[in-house]
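Written below as structure tokens is the structure these notes are about.
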Amino acid sequence: TGMLYDANNKRLMVGSSGNPSEALEVNGSGANLKVVSDDNVYLSLDSTQTNGDEWQIFNANSGSTSTLQFKNIDQSKVVMLMDETGNIGIGTTSPSSLMHITSSSADGHLIVESTHASSSGTVDVRSATDRDSYVMFREGTTVKAQIFNDSSEDTLVLTDGANSNTVYIKGSKVGIG
């Protein structure tokens, strides 16, 4: 163990014997590493255990944009991505909002869980002053139902996608129409 330099392929192995497969291969209990490149660059993490997958943290450049990707190499897919604007995609490589979760193989679930005895799981939807906050239920891109606060009336509104069947809740009063 130590360092091995493969002069023919210009590769360096640190911490193990054998032939390095990358420009720098570190095989040990831990390391801090900075990689600078004029092309796409990645850090590969490969488990040799049974059923262990190879993962890459990948800085991908495409034209004038760059993304940070978490890739499962053995399954040939990007699992999570962050773009230059800070949008995060889980299950999608083109997130259209701050957090975009897509599932093509099962129901899309977002779980908020608290296991603390005196705490609650909370989804907190906030807007700027005098702006409405929405929870929308869609089939594809079609809004089928929504729950929102009408900030101009200080009212909670439950409605179908066409806004034709609506329930209004304000204070202790309920209106239908």
Side-chain angles (χ1 to χ4, degrees), residues 1-128 131 133-143:
T1 62
M3 291 194 330
L4 171 71
Y5 182 66
D6 177 353
N8 292 332
N9 295 307
K10 297 181 181 174
R11 295 177 177 170
L12 177 64
M13 169 74 79
V14 178
S16 182
S17 59
N19 294 320
S21 61
E22 303 292 337
L24 174 63
E25 186 170 331
V26 178
N27 189 336
S29 62
N32 293 318
L33 184 64
K34 180 177 180 178
V35 179
V36 179
S37 174
D38 62 355
D39 199 357
N40 295 332
V41 64
Y42 63 87
L43 173 63
S44 184
L45 308 168
D46 193 359
S47 172
T48 57
Q49 296 178 357
T50 304
N51 299 321
D53 286 345
E54 180 179 2
W55 288 83
Q56 288 182 351
I57 302 171
F58 188 78
N59 180 357
N61 295 306
S62 176
S64 62
T65 62
S66 175
T67 59
L68 179 63
Q69 301 176 4
F70 294 82
K71 299 173 77 170
N72 184 314
I73 300 305
D74 294 339
Q75 295 180 19
S76 299
K77 69 179 185 179
V78 175
V79 177
M80 186 169 70
L81 171 144
M82 182 170 59
D83 67 19
E84 290 180 324
T85 65
N87 289 350
I88 296 173
I90 298 175
T92 179
T93 57
S94 53
S96 60
S97 61
L98 286 174
M99 177 64 77
H100 186 157
I101 301 170
T102 300
S103 175
S104 60
S105 61
D107 292 340
H109 285 100
L110 175 63
I111 298 172
V112 178
E113 179 178 1
S114 172
T115 59
H116 186 266
S118 60
S119 298
S120 301
T122 303
V123 175
D124 187 350
V125 182
R126 299 179 184 191
S127 296
R131 300 294 302 170
S133 295
Y134 287 83
V135 176
M136 294 187 175
F137 303 90
R138 299 177 187 257
E139 289 180 12
T141 59
T142 304
V143 176

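Residue numbers run from 1 in the order of the sequence given. For clarity, every value in this text was computed on a predicted model and none was experimentally measured.
- Applying the side chain to side chain donor-acceptor pair (under 3.5 Å) criterion to T93, with sequence neighbours excluded, gives no partner residue.
- The salt bridge (Lys or Arg N to Asp or Glu O under 4.0 Å) contacts involving residues 64-76 comprise nothing, where partners must be two or more places apart or lie in separate chains.
- Among residues two or more places apart in sequence or in another chain, the side-chain contact (heavy atoms from CB on, under 4.5 Å) test is passed with Q49 by S47.
- Applying the salt bridge (charged side-chain N to carboxylate O under 4.0 Å, His left out) criterion to D124, with sequence neighbours excluded, gives R126.
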Item checked: Chi angles and distances behind the side-chain contact (heavy atoms from CB on, under 4.5 Å) call for V125, V123 -> CA-CA 6 Å; V125 182; V123 175; 4.2 Å; yes

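- Every side chain to side chain donor-acceptor pair (under 3.5 Å) that S119 has, sequence neighbours left out, goes to H116.
- Evaluation of the side-chain contact (heavy atoms from CB on, under 4.5 Å) rule for S66 yields N59, N61, E84 as partners, not counting sequence neighbours.
- With sequence neighbours left out, the side chain to side chain donor-acceptor pair (under 3.5 Å) criterion links S103 to no other residue.
- For Y134, the side-chain contact (heavy atoms from CB on, under 4.5 Å) partners are D132, M136, Q146, F148, not counting sequence neighbours.
- For E54 and S44, the side-chain atoms include at least one donor-acceptor pair closer than 3.5 Å.
- Once rounded to the nearest 0.5 Å, the distance linking CG of N72 with CE of M80 reads 13.0 Å.
- Annotation: side chain to side chain donor-acceptor pair (under 3.5 Å) contacts of S127 (sequence neighbours excluded): S133.
- Atoms CG and CG, from L12 and D6 in turn, are 10.0 Å apart once rounded to the nearest 0.5 Å.
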Next item on the list: Please test F58 against N40 for side-chain contact (heavy atoms from CB on, under 4.5 Å), starting from the C-alpha separation and ending with a verdict.
Entry: CA-CA 7 Å; F58 188 78; N40 295 332; 3.7 Å; yes

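- Shown here are the side-chain contact (heavy atoms from CB on, under 4.5 Å) partners of T67, two or more places apart in sequence or in another chain: A60, Q69, L81, D83.
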